[in-house]
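Okay, structure first, notes after.
Index from 1, following the sequence. These figures come from a predicted structure and were not determined experimentally.
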Amino acid sequence: MGTHVILMPDVGEGIAEAEIAELLIPVGDVLREDDIFASVMTDKATVEIPSTVSGKVTWYAGEVGDSIAIGAPLVKIEVDGPGNEAEVLTVEPDPESTVDAEPTSAVDAPAKTPASAPAPPPLAPPKALQSTTKLRTPREKPVASPAVRRRALDAGVDLRQVPGSGQGRRVTHEDLDGFIALGGTSPLGAGRGPDTSVEEVKVVGLRRKIAERMVLAKTRIPHITIVEEVDVTSLEELRGCLNAERGDRPKLTILPFLMSAMVTALREQQNLNALYYDDDGIVHQHGAVHIGIATQTPAGLMVPVVRHCEARSIWDMASELGRVAEAARTGTAAREELSGSTISITSLGKLGAIATTPIINYPEVAIIGVNKMTIRPMWNGTEFVPRKVMNLSSSFDHRVIDGWDAAVFVQRLKTLLETPAMIFVEG
């Protein structure tokens with residue numbers, strides 16, 4: 001038996017390190033060649049790492065959220081044969097950032113590390129059966145090594161009832177021992193008693209990147225937010241007519257109309273279609289209108305970009321918007337499709353509130369927030385009539401955009417959306 005070491009690969013972009021986003025094969029489990037055992041994340045992309053050998057995972061260089069240097073050892077796998085540890089292990093793992101397997105019995109303990117390789121650091125004692133351990137849902141499968149599963153089977157213990165203290169709620173030998181010592185009952189109880197558990201969720205991956213961007217925007221940009229009511233009854237009638245005759249073209253939502261209105265308004269106020277690099281004190285005003293669309297994905301909030309809206313028809317914008325949003329949701333968006341916007345739109349759709357306070361996508365200077373549409377009674381001079389109304393919540397960087405200019409822009413959008421035929425009138 002030997003140890004095969006897989007190094008952190010060079011994932012491009014000229015970076016020096018990558019963050020561990022997910023560990024798919026727990027320590028102690030067996031994987032096959034080409035199995036994806038981990039994914040790592042850079043600023044713009046998540047990359048899956050396949051195994052080049054078959055064997056048992058015995059060690060990881062870190063846990064989810066840790067950053068590992070490019071070319072440093074990422075995982076050790078026990079394999080048949082001599083392995084490659086002596087040849088490739090030229091950089092010792094940082095003792096402060098490494099994490100070894102959970103303490104196990106001799107049944108499933110990893111093979112001894114060759115004398116030429118540095119030994120993994122000692123582990124802290126497991127925190128088995130703490131009150132902070134949450135029980136699994138009925139459909140959640142327990143994670144445990146084969147040895148733990150065999151012991152549980154021999155003892156007649158249902159592992160689904162055993163709280164796991166290991167990484168990812170992994171059930172260790174100590175967890176099983178404690179469960180059996182308590183008479184085979186869960187310390188948290190199986191009924192509807194008080195739940196005093198606390199689960200610690202580490203902020204990692206895309207969620208940490210989002211947090212960093214939000215802190216950057218809120219600490220460096222003094223926001224001014226304007227909320228304006230817009231009567232979109234005529235716009236909705238026009239949208240319905242166009243969709244009824246769209247043929248094989250994409251269905252129009254309200255966003256392509258808003259994007260077209262923004263293009264028109266930005267021709268008159270180019271200072272809002274800009275990026276402000278405050279470290280240099282320079283505002284870059286762009287002629288091209290690249291609109292970022294905040295999109296919720298399974299991995300978190302992303303901002304795919306519809307480029308050159310100034311050169312697109314409303315149908316073209318709808319098609320491109322659908323394409324880049326779907327690419328973001330499925331994780332297939334390219335780096336350039338998730339960066340380079342000059343102004344952004346954020347919308348919660350039907351879940352939206354009456355008003356919001358959007359956070360600007362740094363280093364942009366403006367963002368438009370779309371709130372939910374409602375039917376309200378509006379006075380037309382002689383009587384109240386039902387009208388479709390929504391609010392636009394727009395935030396601006398008050399360092400470079402005066403309140404007057406922001407108000408002029410919002411009123412221009414309001415006029416265009418309330419008289420949508422003007423959106424299609426050149427000049």
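Qualifying side-chain contact (heavy atoms from CB on, under 4.5 Å) partners for Ala353, counting only residues two or more places apart in sequence or in other chains: none. In terms of the side-chain contact (heavy atoms from CB on, under 4.5 Å) criterion, residue partners of Ala334 (sequence neighbours excluded) are, by chain and number, Glu336, Glu337. Checked against side-chain contact (heavy atoms from CB on, under 4.5 Å), His286 has the following partners two or more places apart in sequence or in another chain: Asn273, Leu275, His284, Thr342. Partners of Thr374 by side-chain hydrogen bond (donor to acceptor under 3.5 Å, both in side chains), not counting sequence neighbours, listed by chain and number: Arg376. Among residues two or more places apart in sequence or in another chain, the side-chain hydrogen bond (donor to acceptor under 3.5 Å, both in side chains) test is passed with Thr357 by none. With sequence neighbours left out, the side-chain contact (heavy atoms from CB on, under 4.5 Å) criterion links Thr332 to Ala327, Thr330.
Under a 3.5 Å cut-off, the side chain of Asp231 and the backbone N or O of Glu418 do not form any donor-acceptor pair.
Test Asp66, Ile68, Val75 against Tyr60 for side-chain contact (heavy atoms from CB on, under 4.5 Å) and you get one pass: Val75.
Note on residues 273-299: pairs passing salt bridge (charged side-chain N to carboxylate O under 4.0 Å, His left out), not counting sequence neighbours, are Arg220-Asp278, Arg220-Asp279, Asp278-Arg399. Applying the ring-ring contact (aromatic ring centres under 6.0 Å, His included) test to residues at least two apart or on different chains, the pairs with a partner in residues 301-329 are His290-His308. Sorted by first and then second residue, the ring-ring contact (aromatic ring centres under 6.0 Å, His included) pairs with a member in residues 203-228 form an empty list; sequence neighbours excluded. Pairs of residues two or more places apart, or lying in two chains, never qualify as salt bridge (charged side-chain N to carboxylate O under 4.0 Å, His left out) while including a residue from residues 246-260. Counting only residues at least two apart or on different chains, the ring-ring contact (aromatic ring centres under 6.0 Å, His included) pairs with a member in residues 334-383 are Trp379-Phe384.
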Below 3.5 Å, can you tabulate the donor-acceptor pairs from side chains in residues 20-36 to any protein atom, sequence neighbours excluded?
from	atom 1	to	atom 2	distance (Å)
Asp35	OD2	Arg32	N	2.8

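Residues Met378 and Glu229 have side chains in contact (heavy-atom distance under 4.5 Å, counting atoms from C-beta outward). Using a 4.5 Å cut-off on side-chain heavy atoms (C-beta onward), Ile77 and Phe37 make no contact. The shortest side-chain heavy-atom distance between Val370 and Met390 falls under the 4.5 Å cut-off.
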